[in-house]
Amino acid sequence: MRGVQQAPSRTELERFFFLNDADRALNEPKRRAHNWLGFAVQMTTVRFLWVFFDDPTDVPAEVVDYLAAQLGDGRVGVEGVRQAGEHSS
């Protein structure tokens with residue numbers, strides 16, 4: 001799928017990109033912050049669009065920032081998603 005560059009609305013962020021307890025439990029075994037964030041980006045993007053991005057770094061920065069804030073590491077941001085993609089290649 002091609003990346004959608006338009007950021008979701010605040011309502012969409014809260015509905016599709018909120019990490020509940022089950023999401024956090026799935027994410028917990030990942031080792032580093034960029035793994036947590038990369039996994040959360042993929043999990044919530046597929047929940048929102050029903051498909052994965054070809055390139056996870058195409059996810060709008062607002063989505064990454066919203067997820068990073070929930071994971072408690074706002075420092076990671078888009079760079080963390082890029083790192084996760086590099087490690088998985």
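Without hydrogens or angle criteria, Glu62 side chain to Ala7 main chain gives no donor-acceptor distance under 3.5 Å.
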Would you please test Asn27 and Gln70 for side chain to side chain contact (heavy atoms under 4.5 Å, CB included) and show each step?
CA-CA 12 Å; Asn27 209 359; Gln70 292 178 75; over 6 Å; no
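Each salt bridge (Lys or Arg N to Asp or Glu O under 4.0 Å) pair with one or both residues in residues 9-21, not counting sequence neighbours, appears once here: Arg10-Glu14.
When all heavy atoms of Phe17 and Leu67 are compared, the pair lying nearest together is O-CD2, 3.2 Å. Nearest approach of Leu37 to Ala68, heavy atoms of both residues: CD1-N, 3.8 Å. Residues Phe18 and Tyr66 share a closest heavy-atom pair of N-CE2, 4.0 Å.
Annotation: the span from Met43 atom CE to Leu26 atom CG amounts to 6.0 Å, rounded to 0.5 Å.
The side-chain heavy atoms of Val59 and Thr44, taken from C-beta on, include no pair separated by under 4.5 Å.
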